[in-house]
*Asks:* 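Structure incoming, see below.
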2 protein chains.
Amino acid sequence: MRREFETACEIVQAADDVGGLQRATESLRDGLGISHVVYHWVNSRGERFGAGTYSQSWVDHYLERDYLRMDPVIIGCLQRFDPVDWKELDWSSRAARTMLQEAVEFGVGPQGYSIPIRGPAGQFALFTTADGCDDTAWSRFIAENQRDLILTAHEFNRKALAFERDFDMPTPTLSPRELAAMTHIAKGLNRAQAAAEMDISEHTLRVYIEAARHKLGALNTTHAVARALSRGLIVV
Amino acid sequence: MRREFETACEIVQAADDVGGLQRATESLRDGLGISHVVYHWVNSRGERFGAGTYSQSWVDHYLERDYLRMDPVIIGCLQRFDPVDWKELDWSSRAARTMLQEAVEFGVGPQGYSIPIRGPAGQFALFTTADGCDDTAWSRFIAENQRDLILTAHEFNRKALAFERDFDMPTPTLSPRELAAMTHIAKGLNRAQAAAEMDISEHTLRVYIEAARHKLGALNTTHAVARALSRGLIVV
DNA sequence: GCCCGCCTCCCCCGAAATGGCGAGTGCAGA
DNA sequence: TCTGCACTCGCCATTTCGGGGGAGGCGGGC
């Protein structure tokens, strides 16, 4: 691992708040001589936060335009799990192209490389490096640093999860029947069908669903399914 | 990266079926001189498969006893996203201890290190190394190889996802309002609340939900939410 | 041995969601 | 320019869900 990555990882490991992650991104940016290093994180409650070198004005602009909802980097990374060069993403919509152009005006991109990672409870993180260099220089940069970037992303994730664990509610345990019931419901069966599938009465199935709902602290069945999926309790 | 890892990664990259992954695990096991290397994978349809060096008799025994449902390695890794040494897991239940004892009799463990990774559509993968050595030797082994193991796990995942992409159906595109509506529903709001949140009539909200349902090929709203979550279209 | 959690079944009723019928505006890409 | 898609609104009948009761058996952990 190159020295600048080692340094950044050490800062991450020593961090005891988001500010520590922030310093790590700055250290890595300076060490690598690129324009941006950003770690963006959605915790299990859907709260977003970020640590990185983007200017406040770009972040404000980005949020103001609600780019979170259409940013091809976000959209694309939510649908894959291997690192992606921004050039591979779908920039076909006009809104996306507009956004990229504005980003460049704010000193972000056009080159970028983002590493997505998902956590067990719906957490989602993106570790991004970006620069304004040309394609060949960027390709070389990625080829040389890809592995170190992945490992550094892991260090960020480890720390971010540690922060969260501190004030996280434990994931409840669902019984096998509750899991089976939730799985059937998540697959789109209604209560009667799910009950038939499990060969139990519809009422019994309801008991499972309600038990799961209460354990998950969910407001209704759909919410319970969403939570169970997000926490990796069931798989559709 | 140590040579044995490089070799394994090259085999993975060249693989065009599960057999290729299988050969990579064997190569890595032999190169590292440990007893087992296993890659276990649950795709987006919930189908499981594995490539690795466990004996068929252990796999049969494991499945026969339905250990998938209580294996602390599986349970634990489903709830974290950083690599874990088996010793850190919860072996307190009697069933878990029995399973570990049997595993050792079948030549698996007691030392183990598993790296979980989640994909965007509910995929879940575990890359595991295991051996019968003592604690200090194992700690040294992990300390020395942790990073290479993570990178190798990434190569396995990349290839496994590529296999799956081949016969995957394309993810539909939801409009911004549809995504917003689905997100609110997934958070447990009822239609009236979600409509109020979006400042539109309840009927309009229904139109979005139904459009999303049709695009996602879902049988009902809950199913649609499950699919949207599984495909990474929305985050709760 | 007792308690707790899991599994199973029954009834009732109000509230919510679903499905199908409409209609009109406006923006953006072919 | 024109077609399509996104966005917005209304009504009605039917199905499904949600919450409230109550009850019994069975197994594992303290």
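Convention: sequence-line order gives letters A, B, ...; per-chain numbering from 1. Basis for what follows: all heavy atoms, side chains included, without hydrogens, waters or symmetry-related copies.
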*Asks:* Return the 5'-most residue of the pair B:D199, B:L174 with respect to DNA chain D, ranking by each residue's nearest nucleotide.
*Replies:*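 Closer to the 5' end of DNA chain D: B:L174.
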*Asks:* How many Å lie between NE2 on B:H223 and C1' on C:dA17, as a whole number?
*Replies:*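 The distance from NE2 of B:H223 to C1' of C:dA17 comes to 17 Å, rounded to the nearest Å.
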*Asks:* Write down the distance between CG (B:L205) and C1' (D:dC9), rounded to a whole number of angstrom.
*Replies:*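 B:L205 atom CG is separated from D:dC9 atom C1' by 13 Å.
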*Asks:* Above 12 or not: heavy atoms from other molecules or residues under 6.0 Å from CD of A:Q101?
*Replies:*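 Atom CD in A:Q101 is not packed in, count stays at 12 or less.
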*Asks:* Who pairs with B:N220 by side chain to side chain donor-acceptor pair (under 3.5 Å), at least two apart in sequence or on another chain?
*Replies:*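 B:N220: no side chain to side chain donor-acceptor pair (under 3.5 Å) contacts found.
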*Asks:* Between the protein and nucleotides 18-21 of chain D, list the N/O to N/O atom pairs that are separated by less than 3.5 angstrom.
*Replies:*
{"residue": "D:dG18", "atom": "OP1", "partner": "A:T221", "partner atom": "N", "Å": "3.2"}
{"residue": "D:dG18", "atom": "OP1", "partner": "A:T221", "partner atom": "OG1", "Å": "3.1"}
{"residue": "D:dG18", "atom": "OP2", "partner": "A:T221", "partner atom": "OG1", "Å": "2.5"}
{"residue": "D:dG18", "atom": "N7", "partner": "A:R191", "partner atom": "NH1", "Å": "3.4"}
{"residue": "D:dG19", "atom": "OP2", "partner": "A:R213", "partner atom": "NH2", "Å": "2.2"}
{"residue": "D:dG19", "atom": "N7", "partner": "A:R206", "partner atom": "NH2", "Å": "2.5"}
{"residue": "D:dG19", "atom": "O6", "partner": "A:R206", "partner atom": "NH1", "Å": "2.8"}
{"residue": "D:dG19", "atom": "O6", "partner": "A:R206", "partner atom": "NH2", "Å": "2.4"}

*Asks:* C:dA17, C:dC9, D:dA6: which one has an atom nearest the side-chain heavy atoms of B:E202?
*Replies:*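 Nearest to the side-chain atoms of B:E202, counting from C-beta on, is C:dA17.
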*Asks:* In whole angstrom, give the distance that lies between atom CE of A:M198 and atom C1' of C:dT8.
*Replies:*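 These atoms are roughly 11 Å apart.
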*Asks:* Sequence neighbours excluded, which residues qualify as side-chain contact (heavy atoms from CB on, under 4.5 Å) partners of B:S57?
*Replies:*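 B:S57 satisfies side-chain contact (heavy atoms from CB on, under 4.5 Å) with B:S55, B:F106 once adjacent residues are dropped.
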*Asks:* List for me each residue that meets ring pair (Phe, Tyr, Trp, His ring centres under 6.0 Å) alongside A:W138, sequence neighbours excluded, and say none if there are none.
*Replies:*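 In terms of ring pair (Phe, Tyr, Trp, His ring centres under 6.0 Å), with neighbours along the sequence ignored, A:W138 is linked to A:F141.
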*Asks:* Please enumerate all residues that pass ring pair (Phe, Tyr, Trp, His ring centres under 6.0 Å) together with B:H36, with sequence neighbours excluded.
*Replies:*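 In terms of ring pair (Phe, Tyr, Trp, His ring centres under 6.0 Å), with neighbours along the sequence ignored, B:H36 is linked to B:Y54.
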*Asks:* Round to a whole Å and report the spacing from CD of B:E178 to P of D:dC7.
*Replies:*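 To the nearest whole Å, that distance equals 6 Å.
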*Asks:* If you round to the nearest 0.5 Å, how far is CD1 of A:I74 from NE2 of A:H40?
*Replies:*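 That separation rounds to 5.5 Å.
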*Asks:* Can you pull the side-chain hydrogen bond (donor to acceptor under 3.5 Å, both in side chains) pairs that have at least one residue in residues 124-137 of chain B, sequence neighbours excluded?
*Replies:*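 Counting only pairs at least two positions apart or across chains, the side-chain hydrogen bond (donor to acceptor under 3.5 Å, both in side chains) contacts touching residues 124-137 of chain B are B:S35-B:D131, B:Q111-B:D135, B:S114-B:T128, B:D134-B:T136.
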*Asks:* Holding to side chain to side chain donor-acceptor pair (under 3.5 Å), I want the full list of residues that pass it with A:T204, two or more places apart in sequence or in another chain.
*Replies:*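 Partners of A:T204 by the side chain to side chain donor-acceptor pair (under 3.5 Å) criterion, ordered by chain and then number, come out as A:S201.
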*Asks:* Which one, D:dG10, C:dC9, C:dC7, comes nearest to the side chain of B:S201?
*Replies:*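 Looking only at side-chain atoms, B:S201 lies closest to D:dG10.
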*Asks:* Checking all strands, does B:S175 fall into the base, sugar-phosphate, or nothing category for heavy-atom contacts under 4.0 angstrom?
*Replies:*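 Sugar-phosphate, no base atom in range.
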*Asks:* Would you say C:dC6 has OP1 or OP2 under 4.0 Å from some side-chain N or O of A:K215?
*Replies:*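 Affirmative; the distance criterion is met.
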*Asks:* Could you pull out the protein-nucleic contacts involving nucleotides 24-30 of chain C (nitrogen or oxygen on both sides, under 3.5 Å)?
*Replies:*
{"residue": "C:dG29", "atom": "OP1", "partner": "A:R94", "partner atom": "NE", "Å": "3.3"}
{"residue": "C:dG29", "atom": "OP2", "partner": "A:R94", "partner atom": "NE", "Å": "3.4"}
{"residue": "C:dG29", "atom": "OP2", "partner": "A:R94", "partner atom": "NH2", "Å": "2.3"}

*Asks:* State which residues pass ring pair (Phe, Tyr, Trp, His ring centres under 6.0 Å) with B:F156; sequence neighbours excluded, sorted by chain then number.
*Replies:*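 Partners of B:F156 by the ring pair (Phe, Tyr, Trp, His ring centres under 6.0 Å) criterion, ordered by chain and then number, come out as B:Y39, B:F127.
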